[in-house]
Amino acid sequence: MRIDELLMKKAIELAVSAVEHGNEPFGAVLVKDNEIVYTNENQIYTATDPTFHAEVGLIRNFCNETHIVDLHEYTLYSSCEPCFMCCGAMVWTKLGRLVYGASDIDLCNLLGEDGSRCSQIVFENSSFKPEVTAGILRDESLQVLASYFSHNTKG
């Protein structure tokens with residue numbers, strides 16, 4: 001199994017853990033030199049904070065704890081394509097690379113909504129553009145999303 005797949009598997013495990021903790025199924029892993037340095041899961045319900053997405057929560061906590069605000073040497077793995085807010089945080093911190101499983105369009109198809117290419121739209125219109133790798137373990141990510149959103153609405 002390739003390194004991207006191994007690290008995406010961890011992000012998907014965090015998405016499952018988020019559901020077990022009462023949140024929506026999204027997980028994120030921050031990596032430097034192929035080593036996990038920080039993880040986070042969606043906490044919008046348990047933290048009573050609709051902005052506490054897996055990715056932006058990870059960035060907020062990691063930067064606060066380490067005093068590192070330039071992430072150009074880091075890769076963030078996300079179980080699902082990050083939203084506009086989370087992509088904005090990646091631009092502000094100069095994230096080097098984003099890897100995600102399911103796309104926002106995949107997620108929105110499950111919800112009966114129109115989706116968008118959040119990362120592409122934000123990054124193309126920003127001064128800093130992280131490298132993006134999409135669709136890693138997409139089917140596994142979609143299974144977790146479909147399982148949750150077949151019984152729950154999006155927060």
Do you see a donor-acceptor pair shorter than 3.5 Å between the side chains of Asn23 and Glu20?
no
Give a yes or no on whether the backbone of Thr51 and the side-chain of Asp49 come within a donor-acceptor separation of less than 3.5 Å.
yes
Quick check: are there more than 12 heavy atoms from other residues, nucleotides or ligands sitting under 6.0 Å from NZ of Lys129?
yes
Any donor-acceptor N or O pair under 3.5 Å, side chains Ser119, Glu81
yes
Assess whether side-chain contact (heavy atoms from CB on, under 4.5 Å) is satisfied between Leu76 and Leu58, documenting all intermediate values.
CA-CA 9 Å; Leu76 193 148; Leu58 180 149; 4.1 Å; yes
Does Arg60 make a cation-pi contact with Phe52 (under 6.0 Å, within 45 degrees of the axis)?
yes
Among residues two or more places apart or on two chains, list those pairs meeting ring-ring contact (aromatic ring centres under 6.0 Å, His included) that have a residue in residues 10-40.
Tyr38-Phe62
Applying side-chain contact (heavy atoms from CB on, under 4.5 Å) to Ser116 and Ile121, what does each step give before you reach the verdict?
CA-CA 8 Å; Ser116 66; Ile121 292 167; 4.1 Å; yes
Run the salt bridge (Lys or Arg N to Asp or Glu O under 4.0 Å) test against Arg117 and tell me which residues pass, sequence neighbours left out.
none
The remaining residues in the hydrophobic cluster of Val69, counting side-chain heavy-atom contacts under 4.5 Å among Ile, Leu, Val, Met, Phe, Trp and Tyr, are none
Side chain Asp104, main chain Asp106, donor-acceptor under 3.5 Å
no
Short question: side chain of Ser150, backbone of Ser147 - any donor-acceptor pair under 3.5 Å?
yes
